[in-house]
J.: 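Dumping the structure here so I can ask a few things about it.
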Amino acid sequence: MSIDFETELNDAQREAVQTTEGPVLVIAGAGSGKTRTIVYRLAHLVESGIDPAQILLLTFTKKAAQEMLARAEVILGRPLTGTSGGTFHSFAYATLRRNAADIGFNNGFTLMDRADSENICKEVKDVFKLGKGDRSYPRKSTLLDMITKSRNKELPIEIIMEREAYHLSPYLDDINEISNGYAQFKREHALMDYDDLLFLLDQLLEENAPLRNQLQTRYRYIMVDEYQDTNLVQARIVKHLAGSKGNVMAVGDDAQSIYAFRGANIANILDFPKIFEGTKIIRLEKNYRSVQPILDLTNEILAGAATKFDKHLYSDLKSDKLPEVVYPLSDQSQARLVVDQILTLQRKYMLHEIAVLFRAGYQSFPLEVALTRIGIDYQKFGGIRFHEAAHVKDVLSYLRLVLNPHDLLAWQRAMDHIKGVGPKTVAKIYKAMHSGDSKYLTTITKKHEDLRALFNELNTLRGLTPKPSMLLERIMSFYQPILIEKYPDDYPKRQAGLEQLSQIAVSYSDMEQFLGDLSLNGDPEDEKRKENSVVLSTVHSAKGLEWKAVIIIDLVEDRFPSRKAMQRAEDLEEERRLMYVACTRAKDCLKLFVPSSVYNRASGMSDPTLPSPFILELPNETFERLNESYGGGMEKRTRPETHPQLGTTRQQTHTESNTDTKNKKNTVKLGFCKHKIFGKGKIIAQPEPNKFKINFPGFGIKTIIGDYIEMI
DNA sequence: CTGCGCGCGATTTTT
DNA sequence: TCGCGCGCAG
């Protein structure tokens with residue numbers, strides 16, 4: 001049975017699928033069948049006789065990789081044995097683990113999560129005696145933010161600070177010092193953070209030519225999804241893996257770049273044809289996801305961008321229903337109205353075909369309460385993660401100690417429940433263990449009975465077969481009394497969580513893999529998409545997914561766009577792309593909620609809001625407006641009124657970020673140019689010495705750095 | 001040194 | 001409202 005590529009794919013998709021040799025860049029608009037293209041390409045490769053083990057698929061989430069592999073297997077009608085698929089981080093983790101000794105980790109290493117990293121920052125700060133008594137000293141999370149941002153963007157901390165945290169400049173020297181101390185601490189304790197995975201893999205591939213060659217031979221076909229969200233080190237890794245004339249396909253959409261805060265570099269996708277000579281560029285422009293009225297609205301969102309990421313998606317899917325903009329009186333009544341909407345939509349769609357999206361995790365709290373009260377099940381993406389829960393970390397700390405006795409953080413956690421033992425004593429014990437000072441250890445274990453019990457338990461664990469499920473079972477009974485003592489209010493719930501952990505452990509035979517997956521994959525509950533529950537998700541976590549009906553809440557100034565993202569013009573641009581990503585998730589039905597007031601934690605009162613600029617910009621004919629009447633119902637405005645405060649508010653709030661209008665004055669230069677990805681275009685402005693605004697037919701107006709264009 | 005209580009400040013997004 | 005960090009008492 002052969003696959004019918006003729007009828008299943010459009011011309012551009014088919015070209016992407018069948019161009020297997022040499023570098024390929026696929027520019028794929030939202031909903032243009034990007035996943036479909038990757039899936040069919042996988043199938044095509046295997047069908048034409050390629051060994052599935054020679055294929056590497058790098059995606060942004062583990063979920064995306066699994067979904068693509070599974071779909072390819074369905075099309076093929078047989079399993080894809082040996083194909084590597086996953087995130088950059090998980091691929092890096094697996095590769096580094098196999099070659100740990102080559103990068104100076106002779107006894108393996110432990111992967112830390114965010115909380116671990118923050119605690120080390122604090123530890124280093126204390127050891128260096130920095131910021132004692134300074135009330136306004138940066139918090140540990142801020143310290144780590146600066147450090148990790150500097151690494152991801154590969155710029156000195158000073159530059160990062162100049163650009164986005166000018167108020168911290170008095171602490172620059174301190175933060176640099178802490179940054180160095182942090183790096184040293186990790187080395188000394190065989191620890192890695194998320195950034196290390198990428199940088200050490202890059203280093204390993206750079207230095208170890210035999211390994212690099214081996215991997216280049218093994219992965220003859222590489223596909224990278226969401227290429228616009230890769231950062232510099234990820235791009236280098238791809239280059240190393242592909243080699244100079246490798247068969248590598250990058251897929252992405254510049255309009256959906258929403259990870260700049262993590263160092264995502266739009267230049268990667270623009271540079272791709274430069275780095276890989278002879279790159280074939282394929283554009284997917286037809287949208288298969290959303291009905292035309294939704295696309296009309298999302299096109300308007302992009303049209304307002306200063307950089308005009310104007311894709312003008314079109315669709316054959318018709319609908320006579322416009323997207324709705326709903327104005328509830330408050331965020332409380334917003335929650336109630338959203339629940340009403342869900343109940344109505346439920347007549348037409350399954351619950352899991354409906355999603356509520358928001359900018360930040362906490363924004364769904366009122367809705368979660370309302371859903372629970374009425375008995376609608378929901379599944380939340382992008383909140384507190386399962387493995388970050390304190391009791392799970394407690395239990396995992398024992399496992400970590402079995403694996404890596406140098407893991408100071410795990411020691412601190414494991415000894416936390418012992419009365420009379422604090423950080424200082426832990427440090428002493430740790431030091432004694434590693435210098436072989438058994439005398440101190442004997443004294444201290446005599447003093448604390450619980451400590452002796454802990455040491456005995458760990459010794460026993462080390463003697464057992466290192467199978468996650470077996471060790472966990474023992475740990476759970478040891479931990480049981482500690483759990484009850486530590487969390488008297490809700491230990492049954494936590495106990496249930498731990499049992500879930502045991503369940504997951506059963507499918508693992510390898511300890512390091514188990515611990516690594518837990519840190520890299522987030523909530524294992526997320527893996528299974530529950531059948532009968534509404535999806536609540538941050539926009540970031542919703543990326544790449546789609547639903548029949550999408551509701552976006554809290555579309556007000558300071559929430560979406562986030563208040564934190566209003567410092568610089570580029571920040572607002574990223575918020576706009578985020579809004580674009582959110583709206584393009586919807587297939588049939590899109591509802592935008594703009595509460596007139598929101599609860600303010602600081603004052604404990606409701607504050608009036610201003611609608612999000614992204615809502616104010618929308619032309620009236622692209623949506624239908626509904627107000628909450630004071631009786632609590634919904635009121636249709638037959639003649640759409642102009643938005644409140646349109647114009648004045650916008651001018652006040654965004655004058656500085658609106659570089660667009662300012663630059664119109666100096667529109668002087670005209671001419672034509674050529675761009676590797678967008679083709680021929682007309683130059684319409686030069687906002688900065690090395691930046692041009694160019695109108696590309698079919699792509700709209702874009703701002704491009706001079707290096708990427710060729711004058712004609 | 002540890003454990004507790006008080007007061008202040010903060011609140012994005014993820015691997 | 002909550003969590004963090006500091007200061008104080010045992």
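As the structure is a computational prediction, the values presented were derived from the model and not from experiment. Throughout, a chain's letter reflects where its sequence line sits, starting with A, and its residues are numbered from 1.
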J.: For the side chain of A/Lys122, starting at C-beta, report the closest nucleotide among C/dG5, B/dT14, B/dT11.
T.: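 Nearest to the side chain of A/Lys122 among the choices is C/dG5.
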
J.: Mind calculating the distance between NE2 (A/His167) and C1' (B/dG9) to the nearest angstrom?
T.: 12 Å

J.: Taking atom CD1 of A/Ile482 and atom NE2 of A/His391, what is their separation to the nearest 0.5 Å?
T.: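 That separation rounds to 14.0 Å.
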
J.: Whole-Å distance between B/dT14 P and A/Glu574 CD?
T.: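 Going from CD in A/Glu574 over to P in B/dT14 covers 12 Å.
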
J.: Using whole Å, report how far CG of A/Leu515 lies from P of B/dT15.
T.: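 These atoms are roughly 18 Å apart.
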
J.: How many Å lie between CD on A/Glu575 and C1' on B/dT12, as a whole number?
T.: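 Rounded to whole Å, this separation is 8 Å.
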
J.: Whole angstroms only, please: what is the CG-P distance between A/Asp554 and B/dT13?
T.: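 The distance from CG of A/Asp554 to P of B/dT13 comes to 13 Å, rounded to the nearest Å.
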
J.: Do A/Arg114 and A/Glu118 sit within salt-bridge range, that is, some charged N less than 4.0 Å from a carboxylate O?
T.: yes

J.: Okay, side chain of A/Gln334, backbone of A/Asp554: is any donor-acceptor separation there less than 3.5 Å?
T.: yes

J.: Measuring from A/Lys543:NZ to A/Gln256:CD, what's the distance to the nearest 0.5 Å?
T.: 6.0 Å

J.: Measure the distance from NZ on A/Lys543 to C1' on B/dT14 and round it to the nearest whole Å.
T.: 11 Å

J.: Would you mind classifying the nucleic acid contact of A/Phe88 as base, sugar-phosphate or nothing, using non-hydrogen atoms under 4.0 angstrom?
T.: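 Contact class for A/Phe88: none.
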
J.: Write down the protein N/O and nucleotide N/O pairs, taken from nucleotides 2-8 of chain B, whose separation is under 3.5 Å; answer none if there are no such pairs.
T.:
residue	atom	partner	partner atom	Å
B/dT2	OP1	A/Gly422	N	2.7
B/dT2	OP1	A/Gly422	O	3.2
B/dT2	OP1	A/Thr425	N	3.0
B/dT2	OP1	A/Thr425	OG1	2.5
B/dT2	O5'	A/Gly422	N	3.3
B/dG3	OP1	A/Gly420	N	2.8

J.: Phosphate oxygens OP1/OP2 of B/dT13: is one of them under 4.0 Å from a side-chain N or O of A/Ser562?
T.: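 No, outside the criterion.
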
J.: To check you understand the geometry: which heavy-atom pair defines the closest contact between A/Gln363 and A/Phe358, and what is its length?
T.: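 Result for this residue pair: OE1-CB, 3.5 Å.
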
J.: Taking only N and O in the side chain of A/Thr538, is any of them less than 4.0 Å away from OP1 or OP2 of B/dT14?
T.: yes

J.: Would you call the rings of A/His189 and A/Tyr430 parallel, tilted or perpendicular, where under 30° means parallel and over 60° means perpendicular?
T.: tilted

J.: Is the aromatic ring of A/Tyr259 within stacking range of B/dT13, meaning centres under 5.5 angstrom and planes under 30 degrees?
T.: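 No, aromatic ring not over the base.
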
J.: Tell me: CZ of A/Phe261 to P of B/dT13, nearest whole Å?
T.: 9 Å

